[in-house]
Number of protein chains: 2
Amino acid sequence: MSEELVAFFKVLSDANRLKIIGLLAQQPYSVEELAALLNLKASTVSHHLSKLAKVGLVSAKTESYYNVYQLDEKALEIKSKSLFSQENLASSVANVDVDAYDNKVIKDYVKKDGSLKTIPAQRKKLEAILRYIIKSFKAGKKYTEKQVNEILSQYHEDTAYLRRELIGYKLMKREGGGGEYWREE
Amino acid sequence: MSEELVAFFKVLSDANRLKIIGLLAQQPYSVEELAALLNLKASTVSHHLSKLAKVGLVSAKTESYYNVYQLDEKALEIKSKSLFSQENLASSVANVDVDAYDNKVIKDYVKKDGSLKTIPAQRKKLEAILRYIIKSFKAGKKYTEKQVNEILSQYHEDTAYLRRELIGYKLMKREGGGGEYWREE
DNA sequence: AATCTAATTTGATATTCATCGAATTAGATT
DNA sequence: AATCTAATTCGATGAATATCAAATTAGATT
């Protein structure tokens with residue numbers, strides 16, 4: 001899907017191909033004429049035209065000796081309107097592993113036994129670790145501070161710091177003074 | 001002018017840059033995060049981002065350690081709407097010599113004394129030669145057949161053929177039986 | 001002040017691709 | 001049938017560029 005979009009942009013990312021589109025927007029031309037107009041060899045123009053044809057922007061009509069190429073203005077209009085549609089933007093990231101960053105950070109900071117080597121100082125890395133830790137809490141369930149500390153102690157001895165940051169980054173919530181905690185959804 | 005358009009397409013003709021745009025369309029990211037998400041080195045991502053920034057599609061905000069990049073959606077929308085505007089199509093051909101084909105044909109068929117080596121058999125080349133010859137006639141002036149032949153004889157002895165083709169291609173017009181000719185405008 | 005960290009820049013490498021000339025193909029004219 | 005002509009395909013070459021590693025820069029933390 002996304003490959004198609006890349007291919008489309010690749011085809012248009014050449015000055016001579018853009019000139020061909022501009023010329024064909026005025027009137028149809030044969031390969032030989034385009035070659036003379038662009039100061040290129042016919043073989044080169046043929047090469048460009050085949051790329052343009054492959055994405056459906058131009059088409060050829062055989063006229064006695066000549067292959068007369070014309071612009072498909074409909075295709076151009078349709079393509080240009082949908083280029084950055086929600087659909088295309090989404091498809092471009094379809095194969096991206098959205099957890100790659102978190103996984104990388106977890107790999108760097110979590111030991112084989114599941115505990116943390118250290119608590120990362122960098123904000124974004126800390127966030128990733130906190131997102132990892134919060135999974136140990138069931139959504140909807142209420143925990144006492146003691147229970148919270150017990151779970152966090154699997155990760156690091158500084159449970160108070162982890163608890164505070166979980167709340168600071170709004171991954172966990174606390175009820176007034178009652179000492180009740182729960183995972184934010 | 002046209003160079004700008006080529007540059008824009010060049011920037012977008014890379015799969016990883018499109019992925020970056022897709023990702024930034026969802027939320028801002030730091031270079032490091034993008035590198036992890038795309039499975040690339042930070043230096044490579046930095047390189048891509050600088051190209052995207054150069055055409056105004058993304059911009060960076062420094063946040064403590066991080067350079068957090070965001071998509072400029074306005075710029076994206078504006079650009080995408082005007083990509084194939086009449087203006088851009090015209091500017092792409094601004095530097096094209098529209099007479100190049102005719103000149104090439106003339107160079108191939110006209111001797112130094114101004115007469116034709118031969119009359120080209122190919123339709124498109126004949127047209128170019130006829131467009132060249134018709135310049136010897138003043139617009140608006142009426143000519144007798146004898147006068148027409150005299151002018152055409154500078155180019156080739158087969159004046160009847162040239163005369164017929166000039167009329168066939170509607171470069172010249174003839175009044176009924178009266179034998180009056182004039183150049184079409 | 002000294003040390004870290006993320007980002008950028010630089011240099012090198014490998015790949016992609018525009019261009020040309022030569023060979024081939026497809027069609028038309030004689 | 002034989003000969004032209006335009007177009008395409010093929011092979012080679014040189015230029016552009018995506019990528020990485022290493023060095024450098026800019027800022028923040030301790």
Tell me: [atom1] of [X] to [atom2] of [N], nearest whole Å?
X: B/Asn16; N: D/dT17; atom1: CG; atom2: P; value: 16 Å
X: A/Lys41; N: C/dA22; atom1: NZ; atom2: C1'; value: 13 Å
X: A/Leu12; N: C/dA18; atom1: CG; atom2: P; value: 12 Å
X: A/Leu40; N: C/dC17; atom1: CG; atom2: P; value: 18 Å
X: B/Leu49; N: C/dA6; atom1: CG; atom2: P; value: 16 Å
X: A/Leu126; N: C/dC4; atom1: CG; atom2: C1'; value: 17 Å
X: A/Asp14; N: C/dT16; atom1: CG; atom2: C1'; value: 13 Å
X: B/Lys54; N: C/dT8; atom1: NZ; atom2: C1'; value: 13 Å

Classify [X] by what it touches in the nucleic acid, base, sugar-phosphate, or nothing, heavy-atom distance under 4.0 Å.
X: A/His48; value: sugar-phosphate
X: B/Arg17; value: sugar-phosphate
X: A/Lys51; value: sugar-phosphate
X: B/Ser30; value: sugar-phosphate
X: A/Lys125; value: sugar-phosphate

Using a cut-off of 6.0 Å, state whether more than 12 heavy atoms not belonging to [X] lie near its atom [atom1].
X: A/Gln27; atom1: CD; answer: yes
X: B/Lys138; atom1: NZ; answer: no
X: B/Lys111; atom1: NZ; answer: yes
X: A/Asp108; atom1: CG; answer: yes
X: B/Gln70; atom1: CD; answer: yes

**Asked** Once each nucleotide of nucleotides 24-30 of chain C is scored for protein heavy atoms under 4.0 Å, what B/S/- sequence comes out, 5' to 3'?
**Response** ---BS--
**Request:** Please determine if A/Lys173 forms a cation-pi arrangement with A/Trp182, meaning its NZ or CZ atom is less than 6.0 Å from the six-membered ring centre and no more than 45° off the ring axis.
**Result:**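 No.
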**Runs of at least three Watson-Crick or G-U pairs with DNA chain D, cut-off 3.5 Å** =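 Paired runs of 3+ in DNA chain D: C:1-30 with D:1-30.
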**Request:** Could you check A/Gln122 against B/His47 and say which one's nearest nucleotide on DNA chain C is further toward the 5' end?
**Result:**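 With A/Gln122 and B/His47 compared, the 5'-side residue is A/Gln122.
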**Prompt:** Relative to the 5' end of DNA chain C, which residue comes earlier, A/Asn39 or B/Ala42, by the nucleotide with the nearest heavy atom?
**Reply:**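 Final value for this comparison: B/Ala42.
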Does a nitrogen or oxygen in the side chain of [X] sit under 4.0 Å from OP1 or OP2 of [N]?
X: B/Ser46; N: C/dA7; answer: no
X: A/Tyr69; N: D/dT8; answer: yes
X: A/Tyr66; N: D/dT8; answer: no

**Request:** Could you tell me whether the side chain of B/Leu38 reaches within less than 4.5 Å of the side chain of B/Thr44, counting heavy atoms only?
**Result:**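 B/Thr44 vs B/Leu38: side chains apart.
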**Prompt:** Below 4.5 Å, heavy atoms only, C-beta onward: do A/Lys124 and B/Glu33 meet side chain to side chain?
**Reply:**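 Heavy-atom side-chain distance check passes, below 4.5 Å.
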**Request:** Would you mind telling me which residue lines up with the more 5' stretch of DNA chain D, A/Asn67 or B/Ser43, judged by nearest nucleotide?
**Result:**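 Its nearest nucleotide lies further toward 5', so the answer is A/Asn67.
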**Request:** Using a strict cut-off of less than 4.0 Å between a Lys/Arg side-chain nitrogen and an Asp/Glu carboxylate oxygen, indicate whether B/Glu145 and B/Arg174 qualify as a salt bridge.
**Result:**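 Salt bridge flag = no for B/Arg174 with B/Glu145.
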**Request:** Apply the test salt bridge (charged side-chain N to carboxylate O under 4.0 Å, His left out) to residues A/Glu175 and A/Lys142: give CA-CA distance (whole Å), side-chain angles for both, the deciding distance (0.1 Å), then the verdict.
**Result:** CA-CA 10 Å; A/Glu175 172 95 336; A/Lys142 305 244 171 167; 5.3 Å; no
